[in-house]
Amino acid sequence: LKKAGYGIVVYERRYRGFIALSARGIIAAIFCKPPSRQKEKRPAPSNLFRKPRIRALITEGFGGLIMANVTLGRTGIVVEQNGFGALPIQRVGFEEAGKLLNRALDGGMNLIDTARAYSDSEEKIGRAIAHRRQEYTLATKTGATTPEGFRRDLDTSLRLLKTDHIDIYQFHCAGQCYRPDDGTGMYECMLEAKRQGKILHIAATAHKIGIAEEMVDSGLYECMQFPFSYLAGERDIALVERCKRQDVGFIAMKGLSGGLINNSRAACAFIAQYANVAAIWGVQRESELDQFLQCIREGVELTDERKA
């Protein structure tokens with residue numbers, strides 16, 4: 001490990017493996033020994049880094065952020081599990097929005113999600129952090145229902161965000177599963193934009209579970225954004241598992257259930273149970289943002305107290 005440039009932080013007996021970090025301070029690997037003859041059920045090694053005690057050890061040893069990384073399905077994009085939802089920044093000024101966005105990046109959030117429909121949100125992102133474009137994955141949305149509207153929205157988003165490409169481009173609150181040759185021309189617009197290099201991955205957001213399921217099953221979409229919180233029902237949880245099986249990235253919106261949930265640590269702890277889910281948290285105050293950045297620094301577990 002040392003020859004490969006990793007630093008060994010701790011040997012964890014329960015997992016029978018070493019925790020290793022790259023020189024950049026990002027978790028790189030776990031190397032586990034073969035299991036012993038004991039038949040007790042052991043936690044999955046992939047969940048080890050979500051344990052607050054382990055995260056604290058690494059933070060103390062390396063003085064850096066501990067990233068609970070999530071791969072967004074077959075996009076191959078790897079992001080911190082807790083991302084920045086940019087809807088609320090339309091309600092604050094440009095200066096305050098800039099402070100929030102830069103603080104979020106500094107604190108480890110590297111998924112920024114916005115939409116053409118969020119008034120000046122895209123413009124605020126472009127002004128504040130376009131110069132840091134290599135540090136974050138950018139997702140935005142179009143609510144257009146015609147090819148003309150799609151192209152207009154995309155070009156406007158690129159201009160306001162001050163970028164030459166969108167990493168994840170989403171049909172916003174999709175009312176149907178757009179497909180090639182369905183007569184709308186909408187999916188063809190996605191393919192055209194991808195060929196032109198204006199977008200990298202085709203995705204959608206949905207609020208109706210049936211539409212979300214159809215889009216995931218279609219094989220046409222690389223990422224799905226859907227409401228998901230600890231108030232989720234069995235069908236919502238099944239959608240997360242469906243995305244995992246289909247290798248579709250899952251972005252959780254409304255993790256605080258539109259304000260019904262007021263315990264951010266419990267909300268983060270719920271999401272942390274799902275290794276294929278990245279959440280976007282909408283904030284408009286530094287005090288709100290700091291709660292989520294604390295979860296990134298320290299890690300959270302869904303304890304019995306938080307479940308209650």
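Counting begins at 1 with the first residue of the sequence.
- Asn276 and Glu241 share no donor-acceptor pair across their side chains, judged by distance under 3.5 Å alone.
- For the ring pair (Phe, Tyr, Trp, His ring centres under 6.0 Å) test, no residue two or more places apart in sequence or in another chain qualifies with Phe226.
- Considering only residues two or more places apart in sequence or on other chains, Glu288 meets the salt bridge (charged side-chain N to carboxylate O under 4.0 Å, His left out) condition with Arg285.
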N/O donor-acceptor pairs under 3.5 Å from side chains in residues 245-261, not counting sequence neighbours:
residue : atom : partner : partner atom : Å
Gln246  : NE2  : Asp217  : OD1          : 3.3
Asp247  : OD1  : Arg74   : N            : 3.4

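- The minimum heavy-atom distance between Gly197 and His165, with the atom names listed, is O-CB, 3.4 Å.
- Every residue two or more places apart in sequence or in another chain that forms a side chain to side chain contact (heavy atoms under 4.5 Å, CB included) with Cys268 is listed here: Asn82, Trp281, Phe292, Cys295, Val300.
- Applying the salt bridge (charged side-chain N to carboxylate O under 4.0 Å, His left out) rule to Arg179 yields the partners Glu214; only residues at least two apart in sequence or on another chain are considered.
- When all heavy atoms are compared, the tightest approach of Arg235 to Gly210 is NH2-CA, 4.0 Å.
- Judged by distance alone, the side chains of Gln291 and Ser264 do bring a donor and an acceptor atom under 3.5 Å apart.
- If you take CZ on Arg132 and CD1 on Ile125, they are separated by 13.5 Å, rounding to the nearest 0.5 Å.
- For Glu148, there are no salt bridge (charged side-chain N to carboxylate O under 4.0 Å, His left out) partners at least two apart in sequence or on another chain.
- Across Leu289 and Leu100, no two heavy atoms sit closer than the pair CD2-O, 3.5 Å.
- Here Tyr118 sits in one hydrophobic cluster together with Leu87; the rule is ILVMFWY side chains under 4.5 Å apart, joined directly or through other members.
- By the ring pair (Phe, Tyr, Trp, His ring centres under 6.0 Å) test, Tyr187 is found to be paired with Tyr221, residues two or more places apart in sequence or in another chain being considered.
- No side-chain donor from either of Thr140 and Thr114 sits under 3.5 Å from a side-chain acceptor of the other.
- Arg127 is linked by a side chain to side chain contact (heavy atoms under 4.5 Å, CB included) to Phe94, Glu123, Lys162, counting only residues two or more places apart in sequence or in another chain.
- A search for salt bridge (charged side-chain N to carboxylate O under 4.0 Å, His left out) contacts involving Asp120 returns Lys124, not counting sequence neighbours.
- Pairing each heavy atom of Phe270 with each of Ser229, the nearest pair is CE2-O, 3.1 Å.
- Legend: residues meeting side chain to side chain contact (heavy atoms under 4.5 Å, CB included) with Ser119, ordered by chain and number and at least two apart, are Gln90.
- Note on residues 166-177: pairs passing salt bridge (Lys or Arg N to Asp or Glu O under 4.0 Å), not counting sequence neighbours, are Arg133-Asp167.
- Heavy-atom neighbours of Lys244 NZ from other residues, nucleotides or ligands within 6.0 Å: at or below the threshold of 12.
- Applying the 6.0 Å contact sphere to CD of Glu234 captures no more than 12 heavy atoms from other residues, nucleotides or ligands.
- Salt-bridge check for Asp153 with Lys141: failed, with every basic side-chain N at 4.0 Å or more from each acidic carboxylate O.
- Note that CD of Glu135 is 10.0 Å distant from CD1 of Ile112, once rounded to the nearest 0.5 Å.
- With rounding to the nearest 0.5 Å, the separation of CZ in Arg116 from NE2 in His172 is 11.5 Å.
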*So Tyr178 and Phe150, ring-ring contact (aromatic ring centres under 6.0 Å, His included) or not? Walk me through it.*
CA-CA 13 Å; Tyr178 290 119; Phe150 179 101; 9.3 Å; no
